[in-house]
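A short write-up of the structure that comes next.
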Amino acid sequence: MANEHLLVSAADGIMRLTLNRPDKLNALTRAMMRDLEAALERAAGNPDCRVVVLTGAGRAFSAGQDLADSVYVEGGPQPDLGLVLDQYNPIVRRVRALPKPVVAAVNGIAAGAGASLALACDLVYAARSASFMQAFARIGLIPDCGSTWMLPRLVGDARARGLAMLAEPLPAEKAEAWGLIWKAVDDDKLAAEVDAAASRFASGPTYGFALQKQAFADSAHNTLDAQLDLERALQSKASASPDYAEGVGAFLAKRKPNFTGRES
Ligand code: T3D
């Protein structure tokens, strides 16, 4: 299915979502947000979709909220941007809770909500020429869409504050070195590298990945004690899945596993 500003395609277990307003650096409009949420909802409910890849068309990943499609109207009454976040927050929640991996292929600059969206993904690959910019302070805002939560956890408090308050672009290689993203790759290798990861996920133990996501999410607020209990409970579920039996069987038979990705 294709919408004008969000291209959606699905094949071989992979759903690809491409932010598609290259002339505006894929700045996010309300319509794109609606389409993105709907696509993620479809991905969540479709067992044939085993991984989602999010990328941008043209030279940017996304320059964040389209400031021309904002609730802010020059000369108008001061808007309540909480209302804008009512549209963004469900998307971030969906990405984090999606019971399958979400991979960001950051092909160029990711700024503002565009950076937050990328960082919400499970694995972030970025072209070496790409950068991440917490642009919010440039317009008097605070990082949102989860960035004040993600940043200190990913890079530590000092770097999180520097990124937020200075609002300067962080080049992909440094983002990798700081632990903000999984990997910076040569520009001409980004698509192939992300395709390889997506194919691997599309034939992987999807249910196990969903349980991993749950464990990592809960670890953010759990004590070690509580996390050990959670791991025990989730591992019980993982070991009841056909993919566990398949994985062990394949190992012992010295063959490649054929995971269904299903819970039962
Ligand atoms: O306001 C609310 O509703 C609240 C929302 C909060 C969430 C947020 O995301 S806040 C952060 C919003 N994003 C920004 O502040 C970033 C704005 N963009 C930039 O600072 C620069 O464009 C970049 C540093 C990202 C890239 O610079 P450069 O020089 O490579 O490109 P450019 O020439 O600035 O942009 C190219 C075109 O994209 C240009 O359009 P034109 O003049 O050719 O017709 C530019 O206006 C457009 N564009 C870029 N970013 C946005 C945008 N149009 C609308 N909204 C944008 N965010």
Side-chain angles (χ1 to χ4, degrees), residues 3-7 17-37 40 54-96 102 104-121 124 126-152 154-155 160-175 180-181 184 187 190:
N3 304 307
E4 191 187 359
H5 292 148
L6 179 73
L7 305 181
L17 305 176
T18 306
L19 305 168
N20 187 39
R21 294 182 71 217
D23 54 326
K24 297 293 177 191
L25 307 188
N26 305 317
L28 302 161
T29 61
R30 281 170 279 192
M32 286 164 84
M33 292 290 94
R34 269 197 305 275
D35 292 345
L36 188 52
E37 200 196 342
L40 290 168
L54 179 63
T55 193
R59 71 178 174 95
F61 177 77
S62 170
Q65 169 66 36
D66 185 324
L67 297 175
D69 183 51
S70 165
V71 290
Y72 173 78
V73 181
E74 222 170 344
Q78 204 72 11
D80 176 2
L81 292 188
L83 297 173
V84 176
L85 293 185
D86 287 344
Q87 216 184 359
Y88 277 105
N89 288 352
I91 292 171
V92 175
R93 290 193 173 105
R94 274 199 188 278
V95 169
R96 298 299 280 189
V102 184
V106 179
N107 50 304
I109 190 156
S116 305
L117 202 52
L119 297 181
C121 296
V124 184
R128 237 174 265 289
S129 67
S131 58
F132 297 80
M133 186 167 80
Q134 293 295 318
F136 308 88
R138 294 186 177 211
I139 54 172
L141 296 180
I142 69 160
D144 60 23
C145 302
S147 266
T148 58
W149 191 90
M150 310 279 179
L151 288 176
L154 291 170
V155 299
R161 287 173 197 246
L163 288 171
M165 291 180 180
L166 296 173
E168 286 168 1
L170 183 74
E173 275 184 53
K174 209 163 177 181
L180 186 73
I181 64 168
D187 288 24
L190 180 68

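Numbers for residues simply follow the sequence, beginning at 1. Just so you know, ligand 1 is whichever comes first in the structure, and atom 1 is the first atom listed for that ligand.
Of the candidates K24, Q87, R30, it is K24 that places a heavy atom closest to atom 47 (C) of ligand 1. Comparing Q134, R138, Q65, M133 against atom 8 (C) of ligand 1, the shortest heavy-atom distance belongs to Q65.
Residues L117 and C145 are not in side-chain contact: their nearest non-hydrogen atoms beyond the backbone lie 4.5 Å or more apart. Counting only heavy atoms from C-beta outward, the side chains of Q87 and Q65 never approach each other to under 4.5 Å. D144 has its side chain out of reach of L81: every pair of non-hydrogen atoms, C-beta onward, lies at least 4.5 Å apart. Between L17 and D35 there is no side-chain heavy-atom pair separated by less than 4.5 Å. Between V106 and L54 there is no side-chain heavy-atom pair separated by less than 4.5 Å.
No side-chain donor-acceptor contact under 3.5 Å links S116 to the backbone of G146. Using modelled atom types, no side-chain atom of T18 and backbone atom of A57 make a donor-acceptor pair closer than 3.5 Å. N107 places no side-chain N or O within donor-acceptor distance of the main-chain N or O of A127, the cut-off being under 3.5 Å.
Proximity of A63 to ligand 1, defined as any heavy-atom pair under 4.0 Å, is shared by backbone and side chain alike. Contact annotation: for L81 versus ligand 1, heavy atoms closer than 4.0 Å belong to the side chain alone. The part of F136 lying near ligand 1 is the side chain, judged by heavy-atom distances below 4.0 Å. Counting heavy atoms closer than 4.0 Å to ligand 1, residue R59 contributes side-chain atoms (C-beta onward) but none from N, CA, C or O.
Distance check for atom 29 (O) of ligand 1: every protein heavy atom is found at 4.0 Å or beyond. For atom 37 (C) of ligand 1, the nearest protein heavy atom is under 4.0 Å away. Protein heavy atoms are found less than 4.0 angstrom from atom 26 (C) of ligand 1. Under the 4.0 angstrom criterion, atom 34 (O) of ligand 1 counts as lacking any protein heavy-atom contact.
Close contacts between ligand 1 and G64 involve ligand atoms 9 (O) [criterion: under 4.0 Å to a heavy atom]. Listed by number with element, the atoms of ligand 1 under 4.0 Å from a non-hydrogen atom of I139 are 10 (S).
Nearest protein heavy-atom contact of atom 22 (O) of ligand 1 is L25 CD1, 3.8 Å. Closest to atom 3 (O) of ligand 1 among all protein heavy atoms lies S70 OG, 2.9 Å. In terms of protein heavy-atom proximity, atom 55 (N) of ligand 1 is nearest to L67 N, 2.9 Å. Shortest contact from atom 11 (C) of ligand 1 to any protein heavy atom: G112 CA, 3.9 Å. Distance from atom 54 (C) of ligand 1 to its nearest protein heavy atom, with residue and atom name: D66 OD1, 3.3 Å. Among protein heavy atoms, atom 43 (O) of ligand 1 sits closest to D23 O, 4.4 Å.
To the nearest 0.5 Å, atom CG of residue L166 and atom CD of residue Q134 are 11.5 Å apart.
Closest heavy-atom contact between F136 and P143: CD1-CA, 3.3 Å.
Judged by distance alone, the side chains of T29 and D66 never bring a donor and an acceptor atom under 3.5 Å apart.
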